[in-house]
Amino acid sequence: MSSHRQEAVRRVAAPDVTARKGGTPLVCLTAYTAPMADLLDEHCDILLVGDSLGMVVHGLPNTVGVTLEMMILHGQAVMRASKRAMVVVDLPFGSYEGSPDLAYANAARVMKETGAGAVKVEAGPAVVENIAYLVQRGIPVMGHVGLRPQAVLVDGRFKAKGKAGEERARILEEARATAAAGAFAVVVEGVAEGLARDITEAIDVPTIGIGASAGCDGQILVTDDMLGLFDWTPKFVRRYADLRGEITRAVAAYAEDVRERRFPGPAEIYFAKAG
Ligand code: KIV
C-alpha cells in the first residue's frame, strides 16, 4: 500500500450519536453553504442543513415555503465541504407528513442525492408511523419536538412550549413516541427547562436542545444567529461574534475607498509586460 495513501476520515454516523447519550455533550450547528461547512466541520459532531435556511438564506417569512429541491441543493454543498461531521438534512414541510410512502420517496431522494447521514422531521403525532417506516427501510431519522417551526400556521407564532399542564404531557409523550419509533436523536426546541430534563431522562437516545436548557445531551444553534449576523436574536441565543458589525464596517470602508479612488491601488492591479 502506498505510503502516500491519505488516512480516510470517518464521518460521525447515527450509531455514534446515539452512543453519546449521557456523555460529552453533542456539538451541533446549522450549515447551509460550502464555506461555512468547511469552517464548522472540525468543531461539530453534527451539521444540520436546517429548513431554517428558508428564512436565513432565502428571506422567506417562515419554513413553510421551503422545497425539497432547496434542501437537496444546500445538502450537497454542505456534504462537499465537510469530512468529519455527520450531515443531517431537514425534510421540508409537505414532503413527509402525508403518508409513509411519500416520506420514504422524499427521504430516499435526499439521502441518494446529497449523501447525507440522516434526515430530520418535525415529529407530531401524525408522523410517528412515518418515522418507523423510514428507519425500518434503512434511513436514519432525527426527530424534532417542542416548538415545531413547520406548525407555525397552526400555532400562529413561534412561542416557547410546554410551560404547563396538558401541553407539557403531550410533548413528553411525542418525544417518547419518536424515540420508540426508532429516531437516533431528538431535537428539543423552545421548551421549559424542567420539560427538557424530563424528556432527556425519559428517552434512551440523545436530546439536542435549542432554547431548551443545558439539561439536554447536546446543543444546536442557528450558526448565523450565534455569529451575530442579524440585528435581533432570540433570548436563548448567545452571540459569540458580531459579524453584522464587522461586515457593515468592511463594506462601508470598501464603498468609501471606491468613491475616493483609493481602491484598487497599485498592489491590486495587473501591469502589462515590458516590451
Ligand atoms: O431548521 C433548523 O435550523 C432547525 C434547528 C433550529 C434545530 O430545525
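Ligands are counted one by one from 1 in listed order, and the atoms in each one are counted from 1 as well.
Residue pairs meeting the side chain to side chain donor-acceptor pair (under 3.5 Å) criterion with at least one partner in residues 38-49, sequence neighbours excluded, are Arg20-Asp45.
For atom 3 (O) of ligand 1, the nearest protein heavy atom (residue, atom name, distance) is Ser52 OG, 2.5 Å. The protein non-hydrogen atom at the shortest distance from atom 5 (C) of ligand 1 is Leu48 CD2, 3.7 Å.
Using a 4.0 Å cut-off between heavy atoms, Leu221 makes no contact with ligand 1 at all. Counting heavy atoms under 4.0 Å from ligand 1, residue Ile210 touches it through the side chain alone. The proximity of Leu53 to ligand 1, defined as any non-hydrogen pair under 4.0 Å, does not occur for either the backbone or the side chain.
Shown here is Glu268, whose CD atom has more than 12 heavy atoms of other residues, nucleotides or ligands within 6.0 Å. Atom OH of Tyr270 is surrounded by 12 or fewer heavy atoms from other residues, nucleotides or ligands within 6.0 Å.
Atoms of ligand 1 found under 4.0 Å from any heavy atom of Asp51 (numbered from 1 in listed order, with element): 1 (O). Short contacts between ligand 1 and His144, defined as distances under 4.0 Å to a heavy atom of the residue, involve ligand atoms 8 (O). Applying the 4.0 Å criterion to heavy atoms of Asp90 picks out, from ligand 1, the atoms 1 (O), 2 (C), 8 (O). Each of the following atoms of ligand 1 lies closer than 4.0 Å to a heavy atom of Gly50: 1 (O), 2 (C), 3 (O).
Considering both main-chain and side-chain atoms, Glu189 never comes within under 3.5 Å of ligand 1 through any nitrogen or oxygen pair.
At least one heavy atom of Lys120 sits closer than 4.0 Å to an atom of ligand 1.
With respect to the salt-bridge test (charged N to carboxylate O, under 4.0 angstrom), the residues Glu69 and Arg109 qualify. Salt-bridge check for Arg170 with Glu173: failed, with every basic side-chain N at 4.0 Å or more from each acidic carboxylate O. At a threshold of 4.0 Å, the pair Arg197-Glu201 does not count as salt-bridged, since none of the basic side-chain nitrogens sits closer than that to a carboxylate oxygen. A salt bridge is absent between Arg239 and Asp225: the closest approach of a Lys/Arg side-chain nitrogen to an acidic carboxylate oxygen does not fall below 4.0 angstrom.
The cationic group of Arg261 does not satisfy the cation-pi geometry with Phe263, failing either the under 6.0 Å distance to the six-membered ring centre or the 45° limit from the ring axis.
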